[in-house]
2 protein chains.
Amino acid sequence: MTDTATKILDVGQELIQTRGYSAMSFQHIAGRVGIKKPSIIHHFPSKATLGVAIIRRYRDTFTSQLDAIKKNPQTSAWEALDFYFSPYLHFAQTPDTVCLCGALAGEIPALPEEMRLEVKQFMEDHQSWLEGILQNGRRNGELTFSETPARLARMLFNTLQGTLLVKRSTDDLSQLNDVIKVIKRMLK
Amino acid sequence: MTDTATKILDVGQELIQTRGYSAMSFQHIAGRVGIKKPSIIHHFPSKATLGVAIIRRYRDTFTSQLDAIKKNPQTSAWEALDFYFSPYLHFAQTPDTVCLCGALAGEIPALPEEMRLEVKQFMEDHQSWLEGILQNGRRNGELTFSETPARLARMLFNTLQGTLLVKRSTDDLSQLNDVIKVIKRMLK
DNA sequence: GTCTATACAAAGATAGAC
DNA sequence: GTCTATCTTTGTATAGAC
């Protein structure tokens, strides 16, 4: 992966997270990377290819981090959850930024098929990781709740994504903090 | 409001809810209404004007219905909540459809300022309506919860919006039903 | 690996005939 | 109120020089 290719991925990802995939253009990327439009094609032959590469890199980063946490028996359920919340808190403080896959979910019908599959995989990975954390946490007595872990995990995930979505229009950055507090109390 | 103008609003709204504002074009609308592109301009002088008209109509429909419920002392908190959930359940069963303002929230930075304000107003109206329902419900003993009504209302609203968003990529239509069950148990 | 030049399609919008 | 014709901009993508 060359330096330029990495920069293209960085800028492209930021544009999707702030303005959406439809509004992300080679023109804008080129301008901010400091090259011309057709130079991007040399690294990524089409917009769909670039889109897939951006999601896959994003997914991979999460996958390796979440796997590491899950495999470490030292990590408590609360620590795991706090780790999971941290990127959302980061996004919440950055104006106009949402989760990459949350942004893409908003325009699913406008995405090429390969990208849709990547987004779906992201959602399922995260919901299933959360389910595991909830399940273990309840088993060892750390967490308390009466729902099934699967149902609760999906609700938590959807809530986090929805809060990022809504905070962007209300510009109320404290919403996510409040929501995380409510979530934590639900699990005590 | 002429017949054609209404049709334009209908088709435009559906396109935003399924494909997003950026992907909604005069071309597509004209094709489905059965007129030519420039004829739309006669009814709505610009895309932004059309966008604002679509949101405002959507907001007004909700506002009058939610107001009626709030003012009717016969309505229990549970009935009010069930009424509020019903459009979400409807959207959840319609493939690729989300709440109009949820869809627009996904592309806030790409929207003209006037539209952004309308979306923000929608979010605030709904969160504040829910807050009122929760507050009254707790006061008269129907509902039980320990959060502040404002915080809980925002969380519920964000959860519903997030669930519609996520179901679109996972194609798992049962998610919303499950989430509503969890919400209801939280309030008992 | 990056450039200029260009092809081609689709977008929002305007002018003016009917 | 709707049309045809046209303008302008912006988008993705290609060809070929350097």
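Proteins get letters first, then strands, A, B, ... in listed order; numbering begins at 1 in each.
- Taking the ring centroids of B:Phe62 and B:Trp129, they lie at or beyond the 6.0 Å cut-off.
- Ion pairing between a basic and an acidic side chain is recognised when a charged N comes within 4.0 Å of a carboxylate O; B:Lys167 and B:Asp178 show no such pairing.
- Rounded to an integer number of Å, the gap from NZ of B:Lys47 to C1' of C:dA13 is 13 Å.
- For the salt bridge (charged side-chain N to carboxylate O under 4.0 Å, His left out) test, residues two or more places apart in sequence or in another chain that qualify with A:Arg116 are A:Glu113.
- In summary, of the residues considered (A:Thr163, A:Asn158, A:Thr159), a side chain to side chain donor-acceptor pair (under 3.5 Å) with B:Asn158 occurs for A:Thr163 alone.
- Between the B:Arg59 side chain and the B:Gln121 main chain, no donor and acceptor come within less than 3.5 Å of each other.
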Atom pairs under 3.5 Å: protein N/O with N/O of nucleotides 16-18 of chain D:
none

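- Summarising the local packing, NZ of A:Lys70 is surrounded by more than 12 heavy atoms from other residues, nucleotides or ligands at distances under 6.0 Å.
- Screening residues 95-111 of chain B for side chain to side chain donor-acceptor pair (under 3.5 Å) gives B:Ser22-B:Glu107 as the qualifying pairs, with residues at least two apart or on separate chains.
- With sequence neighbours left out, A:Asp172 forms a side chain to side chain contact (heavy atoms under 4.5 Å, CB included) with A:Thr170, A:Ser174, A:Gln175, B:Arg154.
- Using a cutoff of 4.0 Å between basic side-chain nitrogens and carboxylate oxygens, B:Lys184 and B:Asp82 are scored as salt-bridged.
- Counting to the nearest Å, the C1' atom of D:dT2 and the CD1 atom of B:Ile8 are 11 Å from each other.
- Non-hydrogen atoms lying under 4.0 Å from DNA chain C are contributed by nothing in residues 101-113 of chain B.
- Under 4.0 Å is where a charged nitrogen must lie from a carboxylate oxygen, and between A:Arg32 and A:Glu14 at least one such pair does.
- Near DNA chain C, meaning a heavy atom under 4.0 Å from it, residues 19-44 of chain A has A:Ile35, A:Lys36, A:Pro38, A:Ser39, A:His42, A:His43 in order of number.
- One finds a side-chain N or O of B:Thr4 lying less than 4.0 angstrom from the OP1 or OP2 phosphate oxygen of D:dT2.
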